[in-house]
Amino acid sequence: MPEGDTVYRAAAKLTAALAGKVVTRFDIRVPGSATADLRGETVHEVGARGKHLLHRIGGYTLHSHLKMEGRWDVYRPGERWRRQAFKARAIVGVAGADAVGFDLAMVEVLRTVDEHTVIGHLGPDLLAADWDEAEAVRRVASDERAAHVALLDQRNVAGFGNVYANELLFVRGIAPTTPATEIDVQATIALGERMIRANLPRPERTFTGDTRPGRRFWVYGRDGAPCRRCGTPIRATSLGASATSERNVYWCPTCQPG
């Protein structure tokens, strides 16, 4: 599932393939930006902000969001794509490489000076050079909603996704429904930052320290399975700021009382 670490790695991969090269192919397959043509422009970099990817090309930015299933792959020109062509939403080609975005939930081209219109609402980015832990703590600590919901709100802190929220709250011993105003937010945010940075170089995330299949998570996706700490069956429900934003939530009622 794409979360802040996934997007950060994707940006690094795309920058390595595209940066400093002139665009020879530019194909956007969504309404609104389908007529955009940045051929002849130079790719400066591909940046990551929270869960957003920003291809900075000439004076423009190709903005995309991976949501639940999106991804960017890099191919050699003429190489057969490993995914169905009709799922491609954006293609950026340069000498020696084609970057193809599949199943992207959001794709648009805008002037780079206008990036604030699409990412200005985000809270501090866990993996950014300008990461501001104090501001992230302030925002989450003032959120009266359930801790799980507050951590997922990208306006509070950018980069946590549902997997991190579930695993982080388990390790901290916090029931997901506990109001964020009642938890030790500073310790929680600090631990979350350590988790996401530790997972950056790993091909598969682990929160338990065990990278074997089926052993990487404490609670996520383990509904009904015994807690790895106490043996109590893991429970599951759904939480969200609204009915359309609900996410699967997992917790141990013994290790996370509340």
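For an aromatic pair to be called close, the ring centres must be under 6.0 Å apart, and Phe207 with Phe170 fails this.
A 4.5 Å side-chain heavy-atom check between Trp81 and Asp73 finds every atom pair outside the cut-off. Counting only heavy atoms from C-beta outward, the side chains of Thr42 and Ile57 never approach each other to under 4.5 Å. Between Tyr250 and Ile234, the closest side-chain pair of non-hydrogen atoms falls below 4.5 Å. Side-chain atoms of Lys13 and Val74, non-hydrogen and from C-beta on, do get closer than 4.5 Å to each other. At least one side-chain heavy atom of Ile91 sits less than 4.5 Å from a side-chain heavy atom of Arg29. Looking at Trp131 and Val157, their side chains come closer than 4.5 Å, going by heavy atoms from C-beta outward. Using a 4.5 Å cut-off on side-chain heavy atoms (C-beta onward), His121 and His116 make no contact. Trp251 places none of its side-chain heavy atoms less than 4.5 Å from the side chain of Leu169.
Put simply, Leu126 and Leu191 are part of the same group of oily side chains (I, L, V, M, F, W, Y) that touch within less than 4.5 Å, one to the next. Hydrophobic clustering (side-chain heavy atoms under 4.5 Å, transitive across Ile, Leu, Val, Met, Phe, Trp, Tyr) groups Leu66 together with Leu18. One hydrophobic cluster holds both Ile196 and Val137 under the rule that ILVMFWY side chains link at heavy-atom gaps under 4.5 Å. Follow the hydrophobic side-chain contacts under 4.5 Å out from Val7 and you reach Leu62 in the same cluster. A single hydrophobic cluster is not seen to contain both Leu104 and Val118; linkage of ILVMFWY side chains at heavy-atom distances under 4.5 Å, directly or through other members, places them apart.
No donor-acceptor distance shorter than 3.5 angstrom exists from the side chain of Glu45 to the backbone of Ala12, with no hydrogens or angles considered. The backbone N or O of Val109 lies less than 3.5 Å from a partner atom in the side chain of Ser33, making a donor-acceptor pair. In this structure, the side chain of Asp114 does not engage the main chain of Thr117 through any donor-acceptor pair within 3.5 Å. Although no hydrogens or angles enter the test, the distance criterion places no donor-acceptor pair under 3.5 Å between the side chain of His148 and the main chain of Thr177. No donor-acceptor pair under 3.5 Å is formed between the side chain of Arg83 and the backbone N or O of Lys87. A donor-acceptor pair under 3.5 Å is formed between the side chain of Thr206 and the backbone N or O of Asp210. Using modelled atom types, no side-chain atom of Thr178 and backbone atom of Ile174 make a donor-acceptor pair closer than 3.5 Å. Under the 3.5 Å distance criterion, the side-chain polar atoms of Lys21 are left unmatched by any main-chain donor or acceptor of Gly93. Thr232 contributes no side-chain N or O that, together with a main-chain N or O of Cys227, makes up a donor-acceptor pair within less than 3.5 Å. Under the 3.5 Å distance criterion, the side-chain polar atoms of Glu167 are matched with a main-chain donor or acceptor of Trp218.
Taking every heavy atom of both residues into account, Pro124 and Asn156 meet most closely at CD-O, 3.4 Å. Shown here for His63 and Leu110, the closest heavy-atom pair between the two residues is CB-CD2, 3.8 Å. Heavy-atom minimum distance, Arg215 versus Thr208: O-OG1, 2.6 Å. In plain terms, the two heavy atoms of Cys252 and Cys230 that are nearest each other are SG-SG, 3.6 Å. Closest non-hydrogen pair, Glu69 versus Asp103, comes out as O-CB, 3.9 Å. Of all heavy-atom pairs between Asp125 and Ala48, the closest is OD2-O, 3.8 Å.
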message = What verdict does the salt bridge (charged side-chain N to carboxylate O under 4.0 Å, His left out) test give for Asp153 and Arg139, after you've listed the backbone C-alpha separation in whole Å, the side-chain angles of each residue and the deciding distance to 0.1 Å?
response = CA-CA 10 Å; Asp153 192 330; Arg139 295 189 185 202; over 6 Å; no
key: Trace of the side chain to side chain contact (heavy atoms under 4.5 Å, CB included) decision for Phe160 with Ile189   = CA-CA 10 Å; Phe160 287 140; Ile189 294 296; 4.1 Å; yes
task = Would you check, one step at a time, whether the test side chain to side chain contact (heavy atoms under 4.5 Å, CB included) holds for Leu53 with Val46?
result = CA-CA 7 Å; Leu53 277 167; Val46 181; 4.1 Å; yes
request  = Would you please test Arg172 and Gln256 for side chain to side chain contact (heavy atoms under 4.5 Å, CB included) and show each step?
outcome  = CA-CA 8 Å; Arg172 287 290 304 156; Gln256 297 168 265; over 6 Å; no
inquiry  = Would Val249 and Arg235 count as a side chain to side chain contact (heavy atoms under 4.5 Å, CB included) here? Give the steps.
reply    = CA-CA 8 Å; Val249 176; Arg235 293 184 184 176; over 6 Å; no
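The line from CZ of Arg228 to SG of Cys255 is 12.5 Å long, rounded to the nearest 0.5 Å. Phe86 contributes atom CZ, which lies 10.5 Å from atom CZ of Phe102 (distance to the nearest 0.5 angstrom). One distance of note links OG1 of Thr237 with CD of Glu246; it measures 8.0 Å at 0.5 Å rounding. The distance from atom CG of Asp27 to atom CG of Leu38, rounded to the nearest 0.5 Å, is 12.0 Å. Atom CD of residue Glu79 and atom CG of residue Asp98 lie 9.5 Å apart, to the nearest 0.5 angstrom. Atoms NE2 and CD1, on His65 and Ile119 in that order, are 11.5 Å from each other to the nearest 0.5 Å.
Between Phe217 and Tyr220, the ring-plane angle classifies as perpendicular under the 30° and 60° cut-offs.
Between Arg205 and the choices Thr211, Asn199, Asp5, the side-chain hydrogen bond (donor to acceptor under 3.5 Å, both in side chains) rule is met once, by Asp5.
Atom CZ of Arg197 sits in a crowded spot, with more than 12 heavy atoms from other residues, nucleotides or ligands closer than 6.0 Å. Annotation: Glu115, atom CD; neighbour count of heavy atoms from other residues, nucleotides and ligands within 6.0 Å is above 12. No more than 12 heavy atoms of other residues, nucleotides or ligands shown are found within 6.0 angstrom of CZ on Arg111. The environment of Tyr75 atom OH is dense: over 12 non-hydrogen atoms of other residues, nucleotides or ligands sit within 6.0 angstrom. By the 6.0 Å contact criterion, CZ on Arg155 is open, its count of non-hydrogen atoms from other residues, nucleotides or ligands being 12 or less.
A donor-acceptor contact closer than 3.5 angstrom is absent between the side chains of Glu144 and Thr181.
Taking the charged nitrogens against the carboxylate oxygens, Glu3 and Lys51 have no contact shorter than 4.0 Å, which rules out a salt bridge. The pair Arg25-Asp37 does not count as a salt bridge, with every side-chain nitrogen at least 4.0 angstrom from each carboxylate oxygen.
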